[in-house]
2 protein chains.
Amino acid sequence: MAKSCSCLQRQCILCETLSTAQDECTEQQFCEIEGSISKDVYRANEWLFQQGMPARDLFILKYGHVKLSSSLPDGRCHGLRLAGPWSVLGIEALGMESYPFSAVALTDVQVCTFRHRDMLAALENNPKTSLKLVTMLNAELRRSMEQLRNIGVLHASERVAWFLLSTAVDNTCPPVSRSDMAEILGLTMETVSRVLSRLRQCGLVDAPSNRRSVRILDPERLEALCGDTRQAQLPLNCA
Amino acid sequence: MAKSCSCLQRQCILCETLSTAQDECTEQQFCEIEGSISKDVYRANEWLFQQGMPARDLFILKYGHVKLSSSLPDGRCHGLRLAGPWSVLGIEALGMESYPFSAVALTDVQVCTFRHRDMLAALENNPKTSLKLVTMLNAELRRSMEQLRNIGVLHASERVAWFLLSTAVDNTCPPVSRSDMAEILGLTMETVSRVLSRLRQCGLVDAPSNRRSVRILDPERLEALCGDTRQAQLPLNCA
DNA sequence: CGCTCCCTTGATACATTTCAAGCGTTGTGG
DNA sequence: CCACAACGCTTGAAATGTATCAAGGGAGCG
């Protein structure tokens, strides 16, 4: 029997963990780990998990996009970030009672699901996995702090520009609605719409109003918009 | 020779790590770890480290308060959070080239300094330490996400109320200036000052204008201010 | 066709920022 | 010991960016 995860993807922390685990686990331990991975599918708008739910699993996103968001007791809600393929979700709850935020599928989504308790066991048995995990959490933390700073200091158009640039792959953004973007950027849907309209008029992006799709046409001018205040504060005269 | 860190504090991750390490390291390994801890002092307004500096150390704050902040290329700056005694600083840079943010002492400060490379070695040798670290990073991540949400959705007075409540120990806040608070909350100094003046008028806090000191007089009414919007949006009629 | 959903756009309201002046304390040097 | 500057804070008036409210358009779908 081949000792490996059936996907064997380089980008997947689980697959990599398993491949290093081969050297360090007994055959039995390894099979236990591999056996506890399940592959699941969620439809668009389904919840992977909700804030406050008992935390049991972590997810490796293999296909599709997910939105993470956190809400206040009074119902107000704020998007934390978008997650794309090969993101690890729900690991922030490892060792805790409940998920501190919610995750909803924006598109149809395919994931590997893994129990927290199995992850904890893998950590005990495999120091290399710990290191990988620590590195991952650190990266997450940096991203989160960068976002904190950006929400704190950037203007509306700078935030939109930054969002587009930071989420786009090949100048194409994930399929988010205006309200999703607004929620993540701490703005209203209307403001996001206005900014996108202006960016469209200036030829910086292609953002059809009917479809959830934004394409970046001029990455360089867009970058100028979110880096330097003086340019960014005058987004109307984009001449 | 006694095998323990000389402080032996329950709250200190380093001390705890060392005490568990006793069971798992050889005497030589243990002494290497212990020997690599240095105890340092920084004066108020000194930098512990700056954004972009090569990342070498992590710090356990033993006495005093530190402000973490991140800046944009154009100079705009945003406070990330305050750190008090027993915080671990600079661990977000573990395994990375440079510090992703800066840390400046608000008061005179006493720290234990520990090399990243020694921490990494400790992780390899001691799975329990990894778990502790992962738990810590997760807690940090949750805090950071909570803050992200709060900056995103809360109004000025709600943010101030939340800041006071979340940083106060025994209803007494760390010695931060109005501008420090403003920087962390994504507001201006003037706005913070106005909110504090109103809170003072309403008898919720004691905030003398000459000293960097805020004391919470009525925690319950203050909590009502940051939990529920409808109350929070009318902070002027605090009757 | 009529419904819903998402988006756009305009007018207005409002919270916060910006700009500006002044106050009290602290520390320094004549 | 007193002037003086520096610093942090407060407060007011005006400016401004974004939210809110409102109306309407277009695509998709039963």
Query raised in the report: Of the residues in residues 185-193 of chain A, which ones touch DNA chain C at a heavy-atom distance under 4.0 Å?
Result: A/Met189, A/Glu190, A/Ser193
**Report entry** Pair B/Ser177, B/Asp180: side-chain N/O donor-acceptor within cut-off below 3.5 Å
**Finding:** yes
Query - Spacing of CD1 belonging to A/Ile216 relative to CG belonging to A/Leu164, to within rounding of 0.5 Å - result: 5.5 Å
**Report entry** Nearest-Å distance for atom pair NE2/P, residues B/His155 and D/dT18
**Finding:** 15 Å
Query raised in the report: Ignoring hydrogens and angles, does a donor from either the side chain of B/Arg194 or the base of D/dG12 sit under 3.5 Å from an acceptor on the other?
Result: yes
Requested in this report: For A/His78 and D/dA19, give me the distance from atom NE2 to atom P, rounded to whole Å.
Outcome: 11 Å
Report task. Let me know the distance between CD of B/Glu183 and P of C/dT17, rounded to the nearest Å. Result -> 13 Å
Report summary line: Value for OG (B/Ser69) from NE2 (B/His78), rounded to nearest 0.5 Å, stands at 10.0 Å
**Report entry** Spacing of A/Asn45 atom CG relative to C/dT4 atom P, expressed in whole Å
**Finding:** 18 Å
Report task. For B/Arg200, report the nucleic acid contact type (base, sugar-phosphate, nothing); a contact means any heavy atom under 4.0 Å. Result -> sugar-phosphate
Query raised in the report: Are any of B/Ser197's side-chain N or O atoms less than 4.0 Å away from OP1 or OP2 of D/dT11?
Result: yes
Query raised in the report: Got a salt bridge between A/Glu97 and A/Arg56, using NZ or NE/NH1/NH2 to carboxylate O under 4.0 Å?
Result: no
**Report entry** Side-chain donor-acceptor contact under 3.5 Å, B/Asp40 with B/Thr113
**Finding:** yes
Report task. Provide, to the nearest angstrom, the distance between the CE atom belonging to A/Met181 and the P atom belonging to C/dC6. Result -> 16 Å
Requested in this report: Please list, chain by chain and in numerical order, all residues satisfying side-chain hydrogen bond (donor to acceptor under 3.5 Å, both in side chains) with A/Arg194, sequence neighbours excluded.
Outcome: none
Report task. Starting at the 5' end of nucleotides 24-30 of chain D, put B wherever the base has a protein heavy atom under 4.0 Å, S where only the sugar-phosphate does, and a dash everywhere else. Result -> ---S---
Query raised in the report: Rounded to the Å, how far apart are B/Arg211 CZ and C/dT25 P?
Result: 11 Å
Query raised in the report: Is the shortest heavy-atom distance from the side chain of A/Lys62 to the side chain of A/Val109 under 4.5 Å?
Result: no
**Report entry** Pair A/Ser70, B/Glu146: side-chain N/O donor-acceptor within cut-off below 3.5 Å
**Finding:** no
**Report entry** Length of the line joining A/Leu154:CG and D/dG17:P, which is rounded to integer Å
**Finding:** 15 Å
Query raised in the report: B/Arg178 has an atom CZ; how far is it from atom P of C/dT17, in whole Å?
Result: 16 Å
Query raised in the report: Taking the side chain from A/Asp170 and the backbone from A/Thr172, do they hold a donor-acceptor pair closer than 3.5 Å?
Result: no
